[in-house]
Participant: 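Could you have a look at this structure, given as structure tokens, before my questions?
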Amino acid sequence: MFSKFYIFSLGLALLPLVSAEIHDVNVGSKGALSFEPEALFAQIGDQVVFHFVTKNHSVTQSSLASPCGLKEGGFDSGFMPVALNQTDNFPTYTITVNDTQPIWAFCNQAANQPSSHCGAGMVFSVNCGADDAPNSFKNFKSSALAIGAKLKETEAASSTSASGDSGGYGGGYGGGYGGSSATGTGSAPQASSTQASGTGKEIKVQVGPNGDLAFNPPHVSAAPGDLVTFTFQQKNHSLVQSTFDAPCSPKDGGFKTDFFAVTGNETTLPSWSLPINDSSPVWIYCRQKVPKSHCNAGMVFAINSDESSPKSFSAFQKVAEDASNSTASGAASTGSNNGAVSSRGLTISFALVIPVLIVSLL
Ligand SMILES: *[C@@H]1O[C@H](CO)[C@@H](O)[C@H](O)[C@H]1NC(C)=O
Ligand SMILES: *[C@@H]1O[C@H](CO)[C@@H](O)[C@H](O)[C@H]1NC(C)=O
Ligand SMILES: *[C@@H]1O[C@H](CO)[C@@H](O)[C@H](O)[C@H]1NC(C)=O
Ligand SMILES: *[C@@H]1O[C@H](CO)[C@@H](O)[C@H](O)[C@H]1NC(C)=O
Ligand SMILES: *[C@@H]1O[C@H](CO)[C@@H](O)[C@H](O)[C@H]1NC(C)=O
Ligand SMILES: *[C@@H]1O[C@H](CO)[C@@H](O)[C@H](O)[C@H]1NC(C)=O
Ligand SMILES: *[C@@H]1O[C@H](CO)[C@@H](O)[C@H](O)[C@H]1NC(C)=O
């Protein structure tokens, strides 16, 4: 006979430090009708801080189905006017990411008018779907632009209607741009002043083909304006920006994707795209550590590495692999970003107490 006793014992393990990150977003920088960055990825508990740096904008929650309409019960910063001569102490509004669901938002200025900011594409999201998913940021923004086009059409049709004042702060923004140094910490796709033009080519990269802990090709060259699209082939990988010197640690202010798990029976593979803004090298690794560190296994990737310099792709990969000899594998530094302190390295740190459930089967 077989009798079972489950003994549950509640242990308390103190995790080192779990950091909730703060993601900075500039609203209307340089007078543009845009959020910068316009899409980012965040973890539960992270905060997104909106800095209103010009004009008179809002950040208002909407939905994928209705990009320019206030979501029932959603958040709304209200209008945040910024004087033309204001160069600092910009108003801010903060939201907390409570779950992994996508968050959709827009600027509510000039709502339902031809000059609607949302209709001009002034939309934003957290944790949107992959580029080829129905809930991609691209699809969301396209719907917003379509609404804008329709509002303009309607006005053109009834051409008698009045001016259609923008409702924003008129005129160009004169002063220096105070907020540009905020680069957003952590996983956000990083704000950059040189926007990808979108006129470049798309460079395709396979992540983990044939189950290998590798990228194919292992490194690429890309020009500003190009888009590097990663397609996840197998297993459960992620992409994190690092630095040459610390290949397996997140770069301060760099990008970081979620894990993309592929079971093998998908009809479309998940993908993620990175716009290239300049010709500087971009170093990337997979942060999967189960059952072993993918980075230490050499699962790293480079864009625009200089193959004739000491900072070549293979040198980078070698540092990643060597890192496994010096650090206890699997338990690599979680919170430390290699000592680099960003201009806005604010993190909320709190110790997490995790009940450990020990189940003994007798
Ligand atoms: C901006 O201009 C307003 C009105 O002209 C003035 O009252 C205010 O002091 C100025 N603020 C700054 C920071 O210069
Ligand atoms: C997260 O939860 C808080 C408290 O319920 C709420 O005020 C806030 O709007 C939520 N954040 C989002 C993005 O919905
Ligand atoms: C900001 O925009 C709102 C909505 O259009 C408007 O009601 C408000 O007066 C504006 N504020 C300023 C200071 O222009
Ligand atoms: C280029 O700029 C975009 C938009 O600001 C950003 O999302 C992306 O991460 C940047 N690319 C790189 C390689 O940093
Ligand atoms: C993917 O890997 C992450 C990190 O190890 C893990 O949390 C997640 O559950 C995995 N997803 C699947 C579907 O296996
Ligand atoms: C894919 O395969 C897994 C495991 O074999 C199964 O649990 C899952 O239901 C399958 N998904 C689809 C969409 O068929
Ligand atoms: C790391 O370990 C591998 C295999 O165990 C070895 O070949 C390599 O030389 C080691 N690297 C360093 C820096 O010790």
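Both ligands and their constituent atoms are indexed starting at 1 by order of listing. These numbers were taken from a predicted model, which means no experiment stands behind them.
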Participant: Flag P275 as yes when one of its N or O atoms lies below 3.5 Å from any N or O atom of ligand 4, and as no otherwise.
Facilitator: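 Checking ligand 4 against P275, an N or O pair does fall under 3.5 Å apart.
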Participant: Could you go through the side chain to side chain contact (heavy atoms under 4.5 Å, CB included) check for L227 and I203 one step at a time?
Facilitator: CA-CA 6 Å; L227 198 63; I203 299 166; over 6 Å; no
Participant: What is the closest protein heavy atom to atom 2 (O) of ligand 5, and at what distance does it sit?
Facilitator: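 I find the closest protein heavy atom is N236 ND2, 2.4 Å.
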Participant: Taking all non-hydrogen atoms of both residues into account, name the closest pair between F259 and N236 and its distance.
Facilitator: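 Looks like CB-OD1, 3.2 Å.
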Participant: In ligand 5, which numbered atoms sit nearer than 4.0 Å to a non-hydrogen atom of V290?
Facilitator: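 Those atoms are 5 (O).
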Participant: Tell me which one of N108, N56, V82 gets a heavy atom nearest to atom 12 (C) of ligand 3.
Facilitator: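 Selected option, by shortest heavy-atom distance: N56.
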Participant: Which of the atoms in ligand 4, numbered in the order shown and given with their element, are less than 4.0 Å from a heavy-atom of L274?
Facilitator: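 Going through ligand 4 atom by atom, the ones under 4.0 Å from L274 are 9 (O), 11 (N), 12 (C), 13 (C).
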Participant: So for ligand 4, is N277 a polar contact partner (N or O within less than 3.5 Å, distance only)?
Facilitator: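 Indeed, backbone or side chain, N277 has an N or O that close.
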Participant: Under the 3.5 angstrom rule, does the side chain of R287 hit a backbone N or O of S293 as a donor-acceptor pair?
Facilitator: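 Not at all, since once roles are kept as given, no pair shorter than 3.5 Å links the two residues.
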Participant: Can you tell me the protein heavy atom closest to atom 13 (C) of ligand 5 and the distance?
Facilitator: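 Of every protein heavy atom, A261 CB, 3.4 Å lies nearest to atom 13 (C) of ligand 5.
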Participant: If you measure SG to SG, does C295 sit under 2.5 Å from C286?
Facilitator: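 No; the two sulfurs sit 2.5 Å or more apart.
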Participant: I would like to know whether S273 and T229 meet side-chain hydrogen bond (donor to acceptor under 3.5 Å, both in side chains); could you show each step before the answer?
Facilitator: CA-CA 4 Å; S273 294; T229 297; 2.8 Å; yes
Participant: Between S29 (side chain) and N26 (backbone), is there a donor-acceptor pair under 3.5 Å?
Facilitator: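 No.
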Participant: For atom 7 (O) of ligand 5, what's the nearest protein heavy-atom neighbour? Residue, atom name and distance, please.
Facilitator: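 Heavy-atom neighbour on the protein nearest atom 7 (O) of ligand 5: F259 CD1, 5.0 Å.
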Participant: Mind checking whether F50 and V82 sit in one hydrophobic cluster, side chains of I, L, V, M, F, W, Y counted as touching below 4.5 Å?
Facilitator: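 Same cluster: F50 reaches V82 through Ile, Leu, Val, Met, Phe, Trp or Tyr contacts under 4.5 Å.
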Participant: Please list the nearest protein heavy atom to atom 5 (O) of ligand 5 with its residue and the distance rounded to 0.1 Å.
Facilitator: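 Answer, as residue, atom name and distance: Q288 OE1, 2.6 Å.
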